[in-house]
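Below, chains carry the letters A, B, ... as their sequence lines are ordered, and counting in each starts from 1.
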Amino acid sequence: MFRFSKTHYASEALGLGEGSRVRLAGWIFRKRELGGVIFIVLRDSTGSIQVVVREPEIGPSQLRSAREAGLESSIIVEGVIRKDPRAPGGTEVLANSLEVVGESDNYPIRKGAGEEFLLDNRHLHLRSRSMWAILRIRAEALRAAREWFDSNGFTSVEAPSIVGAAVEGGATLFEINYFGKKAYLTQSSQFYLEAAIFSLENVYTIQPSFRAEKSRTRRHLTEFWHVEAEMAWADLNGVMEVVEGLVGHMASAVAERGAEELEILGRRFDPPDTPFPRISYDEAVDIAKRKGVDIEWGDDLSTEAERAVSLEFDSPVFVHRYPKSAKAFYHMPDPSRPEVVLCVDLLAPEGIGEIVGGGQRIHDYDLLVQRIREEGLNVEDYKWYLDLRKYGSVPHGGFGLGLERTVRWIAGLPHIRAAVPFPRTITRVTP
RNA sequence: GGCGGGGUAGCUCAGCUAGGUAGAGCACCCGGCUGUUAACCGGGCGGCCGUGGGUUCGAGUCCCACCCCCGCCGCCA
């Protein structure tokens, strides 16, 4: 571990014995001034520790600069570890010297700040204890996802973010000016991953996707991190097995390695048991109806219906085989029931709703052309995608997982905005 | 795209029902305090009441228009 400008991190210093000499570098998290003594809570990336500043040890000049330093000033402190029951956590540092490295005058974030103010100041709010915990949980979830793919025979493949045509509807694309031509920000890497399976068989990517949906809800971002995988020779069942393995590992990895962070957020999270329950769309409609939701077979599952279904289970639940009309053109119709497709959504519990969407893809050229036409799309736009069905096509399937939705569920966050460092929503592009 | 809530001090809000001198807490500044734990005590600074128009002797408050923010639905991961 690197220790730039310091001998110990705050959390390391807490574990040292009485009399140990330390040099700490961090930020002023809290400051309590009395007449002749100042208590500073020094924060760094690992935690915080109280620093006691008194004139006899550090002299009048440094006492004055400590007195003048505002919250979030960066400081380097040298001192001696003391065990004292009056200190938070029973350990503190008696300062011999305190250097203010970067002043902080009138730090704008205070207790009681509102949601919008904190979002306007997200570049500063990242320093808060709760954002610290969330960023670490997100990092752990990402690490766990890569770890699971990498140890299960998947190869990572990167797809372009600038694309020439839509994967799904055109209405949700951000258009960009690409040297005078129209291009778009990708809404999914699925088609590129489908191309890659003919070389690597089982592939994944973790990168941003962009959706110009005018959705103003606690579940939507316009830019989100998309965990996508595609598997050659996989059927619907295979897709569900992969999703279950991935989501199960992400959940248990965060529960295990992110216990302290979850605790900070006040989140009690027990990773779900596997296998996850699997129900058909038909059963989901029955459950929703039984719970009084106004829904007919053939409708897509409304948010209300999704919530009604997911509340029946205390783990994520797979809902498979939706009506063809409710899903995108590339989903494979069920050979035994052509009115439904071999797709699957994973609904997270606690009313979070859909975190994964996927299924088996159409691998037959003629059927795919037919479905493109039925949806009123232009076959020309899918030329290279159709090519994949002309040269050694294979049954295959895949899925996309919303990282922020998954983190929101695991961390118990009230809004998807909290699950990303700098959220992009319909009304926010800064900071 | 449809429905609902909101905009007053740097921040969080009260005041609007019933029009009559712009309020509180926090922050900040000054003073006090050598063991604070979101320190405390005393004093001080701080306002285009979202914007524009209207009614009125008088508008933060009533009326009209517009702007912005938030949530729910639709759509999705």
Side-chain angles (χ1 to χ4, degrees), chain A residues 29-41 48-57 63 67-68 70-71 82 84-90 92 94 105-121 125 129 167-169 171-172 187-190 206-228 243 247 294 299-307 322 326-328 343-348 351-358 399-409 414-417 419-420 425-428:
Chain A
F29 186 59
R30 299 273 184 269
K31 193 164 86 162
R32 295 178 279 271
E33 282 183 67
L34 284 72
V37 58
I38 305 173
F39 298 96
I40 288 174
V41 178
S48 58
I49 185 169
Q50 173 163 287
V51 177
V52 182
V53 180
R54 302 190 306 196
E55 182 165 358
E57 288 84 22
L63 184 74
R67 206 173 277 292
E68 285 168 1
L71 291 183
R82 292 162 45 113
D84 189 317
R86 294 169 299 185
E92 64 186 15
L94 181 60
D105 200 21
N106 248 323
Y107 186 68
I109 296 182
R110 309 249 144 64
K111 209 78 180 175
E115 189 67 21
E116 189 186 352
F117 183 80
L118 291 177
L119 285 165
D120 287 339
N121 290 282
H125 190 218
R129 202 159 157 70
V167 169
E168 299 182 19
T172 64
Q187 47 184 188
S188 165
S189 299
Q190 178 191 322
I206 301 177
Q207 60 181 95
S209 282
F210 305 85
R211 304 269 169 100
E213 294 162 4
K214 290 198 172 176
S215 303
R216 184 205 276 288
T217 77
R218 287 179 289 179
R219 306 182 302 280
H220 287 88
L221 295 167
T222 54
E223 175 179 359
F224 66 96
W225 276 68
H226 212 170
V227 178
E228 293 176 278
V243 170
V247 172
D294 181 23
D299 299 342
D300 200 357
L301 287 188
S302 63
T303 304
E304 191 190 4
E306 249 182 30
R307 192 166 296 133
Y322 284 62
K327 291 288 169 177
C343 69
V344 63
D345 285 355
L346 184 68
L347 308 183
I352 294 289
E354 184 178 351
I355 59 171
V356 173
F399 64 92
L401 172 147
L403 178 69
E404 289 81 7
R405 287 185 176 182
T406 305
V407 168
R408 183 185 168 211
W409 161 53
H415 198 297
I416 195 169
R417 279 191 302 242
V420 58
T425 60
I426 181 169
T427 55
R428 181 172 293 280

Colleague: Checking all strands, does A:Pro108 fall into the base, sugar-phosphate, or nothing category for heavy-atom contacts under 4.0 angstrom?
Modeller: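 Counting heavy atoms under 4.0 Å across all strands, no contact is made by A:Pro108.
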Colleague: Identify all pairs in which a protein N or O lies below 3.5 Å from an N or O of nucleotides 25-30 of chain B, and state each distance.
Modeller:
{"from": "B:A27", "atom 1": "O2'", "to": "A:Arg110", "atom 2": "NE", "distance (Å)": "3.2"}
{"from": "B:A27", "atom 1": "O2'", "to": "A:Arg110", "atom 2": "NH1", "distance (Å)": "2.7"}
{"from": "B:A27", "atom 1": "O2'", "to": "A:Arg110", "atom 2": "NH2", "distance (Å)": "3.0"}

Colleague: Would you measure the distance from the C1' atom in B:C48 across to the matching atom in B:G1 and give it in whole Å?
Modeller: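 Each nucleotide's C1' atom is 35 Å from the other's.
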Colleague: Side chain of A:Glu354: nearest nucleotide among B:G74, B:C11, B:C76?
Modeller: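 Shortest atom-to-atom distance from the side chain points to B:C76.
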Colleague: Given B:C11, B:C76, B:U36, identify the nucleotide with an atom nearest to the side chain of A:Ala113.
Modeller: B:C11
Colleague: Can you tell me, in whole Å, how much space there is between the C1' of B:G19 and that of B:G54?
Modeller: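 Nearest-Å result for B:G19 against B:G54 at atom C1': 15 Å.
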Colleague: Of A:Gly400 and A:Gly35, whose nearest nucleotide on RNA chain B comes first from the 5' end?
Modeller: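 The answer here is A:Gly35.
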Colleague: Mind checking A:Arg82 for me? I need base, sugar-phosphate or nothing, with any heavy atom below 4.0 Å counting as a touch.
Modeller: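 Counting heavy atoms under 4.0 Å across all strands, the contact made by A:Arg82 includes a base.
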Colleague: Determine the interatomic distance between C1' on B:C72 and the same-named atom on B:U56; round to the nearest Å.
Modeller: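 It works out to 39 Å between them.
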Colleague: Choose from B:C73, B:G35, B:C70 the nucleotide whose nearest atom is closest to any side-chain atom of A:Thr427.
Modeller: B:C70
Colleague: Contact between A:Val344 and A:Val243 at the side-chain level, heavy atoms closer than 4.5 Å - yes or no?
Modeller: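 Answer no - side chains too far apart.
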Colleague: Rounding to an integer number of angstrom, what distance separates B:C33 and B:C40 when you compare their C1' atoms?
Modeller: 9 Å
Colleague: Does A:Arg218 place a side-chain N or O at less than 4.0 Å from the phosphate oxygens OP1/OP2 of B:C72?
Modeller: yes
Colleague: For B:A59, which nucleotide is its Watson-Crick or G-U wobble mate, given both distances must be under 3.5 Å?
Modeller: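 Partner of B:A59: none.
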Colleague: Just to confirm, is there a sub-4.0 Å distance from OP1 or OP2 of B:G74 to any side-chain nitrogen or oxygen of A:Thr303?
Modeller: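 A:Thr303 to B:G74 OP1/OP2: side-chain N or O found under 4.0 Å.
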Colleague: Are A:Arg30 and B:U36 close enough that a side-chain N or O sits under 4.0 Å from OP1 or OP2?
Modeller: no
Colleague: Please name the pair of heavy atoms, one in A:His220 and one in A:Ser215, separated by the smallest distance, quoted to 0.1 Å.
Modeller: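 For A:His220 versus A:Ser215, the nearest heavy atoms are CG-CB, 3.4 Å.
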Colleague: Give me, pair by pair, the N or O atoms of the protein and of nucleotides 44-51 of chain B that are less than 3.5 Å apart, along with how far apart they are.
Modeller:
none

Colleague: Check whether any side-chain N or O of A:Arg129 sits under 4.0 Å from OP1 or OP2 of B:A38, and answer yes or no.
Modeller: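 A:Arg129 to B:A38 OP1/OP2: no side-chain N or O under 4.0 Å.
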Colleague: Can you tell me whether the side chain of A:Ser215 and the base of B:C76 have a donor-acceptor pair closer than 3.5 Å?
Modeller: no
Colleague: Using atom C1' in both nucleotides, what's the gap between B:G42 and B:A65 to the nearest angstrom?
Modeller: 49 Å
Colleague: Can you find a donor-acceptor N/O pair under 3.5 angstrom joining the side chain of A:Gln50 to the base of B:U36?
Modeller: yes
Colleague: Within the modelled atom types, does a donor on one side and an acceptor on the other bring the side chain of A:Arg405 and the base of B:C76 under 3.5 Å apart?
Modeller: yes
Colleague: Once you apply a heavy-atom cut-off of 4.0 Å, does A:Asp300 come out as touching a base, just sugar-phosphate, or nothing?
Modeller: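 If one applies the 4.0 Å heavy-atom cut-off, A:Asp300 turns out to touch the sugar-phosphate alone, with no base involved.
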Colleague: Is the CZ atom of A:Arg67 crowded by more than 12 outside heavy atoms at less than 6.0 Å?
Modeller: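 Result for CZ/A:Arg67: enclosed.
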Colleague: Could you give the distance separating B:U21 and B:G10 at their C1' atoms, to the nearest angstrom?
Modeller: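 Straight-line distance between the two C1' atoms is 25 Å.
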Colleague: Taking only N and O in the side chain of A:His415, is any of them less than 4.0 Å away from OP1 or OP2 of B:C70?
Modeller: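 Answer is no, no contact under 4.0 Å.
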Colleague: With a 3.5 Å cut-off and heavy atoms only, can you find an N or O donor on one side and an acceptor on the other between the side chain of A:Glu92 and the base of B:G35?
Modeller: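 Present.
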Colleague: Which nucleotide wins on minimum distance to the side chain of A:Leu34, given the candidates B:C72, B:C33, B:A38?
Modeller: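 Nearest listed nucleotide: B:C33.
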Colleague: Checking side-chain contact (heavy atoms from CB on, under 4.5 Å) between A:Arg219 and each of A:Glu354, A:Glu404, A:Arg405, which is the one that passes?
Modeller: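 It is A:Arg405, the one option of A:Glu354, A:Glu404, A:Arg405 that forms the side-chain contact (heavy atoms from CB on, under 4.5 Å) with A:Arg219.
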Colleague: Would you mind telling me which residue lines up with the more 5' stretch of RNA chain B, A:Arg307 or A:Glu33, judged by nearest nucleotide?
Modeller: A:Glu33
Colleague: Restricting to nitrogen or oxygen on both sides, can you table the protein-nucleotides 2-4 of chain B pairs closer than 3.5 Å?
Modeller:
none

Colleague: Suppose you measure atom C1' in B:G46 against the same atom in B:G52; what distance do you get, rounded to whole Å?
Modeller: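 Pairwise C1' distance, B:G46 against B:G52, rounds to 27 Å.
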Colleague: What nucleotide among B:G71, B:G74, B:A77 has an atom nearest to a side-chain atom of A:Ser302?
Modeller: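 Taking heavy atoms from C-beta onward, the closest nucleotide is B:G74.
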Colleague: Categorize A:Leu221 for me: base, sugar-phosphate, or nothing, with a 4.0 angstrom heavy-atom threshold over every strand shown.
Modeller: base
Colleague: Between B:C11, B:G35, B:G71, which nucleotide gets closest to the side-chain atoms of A:Phe39?
Modeller: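 Shortest atom-to-atom distance from the side chain points to B:G35.
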Colleague: If I pick the C1' atom on B:G60 and the same atom on B:C13, what distance separates them, to the nearest angstrom?
Modeller: 14 Å
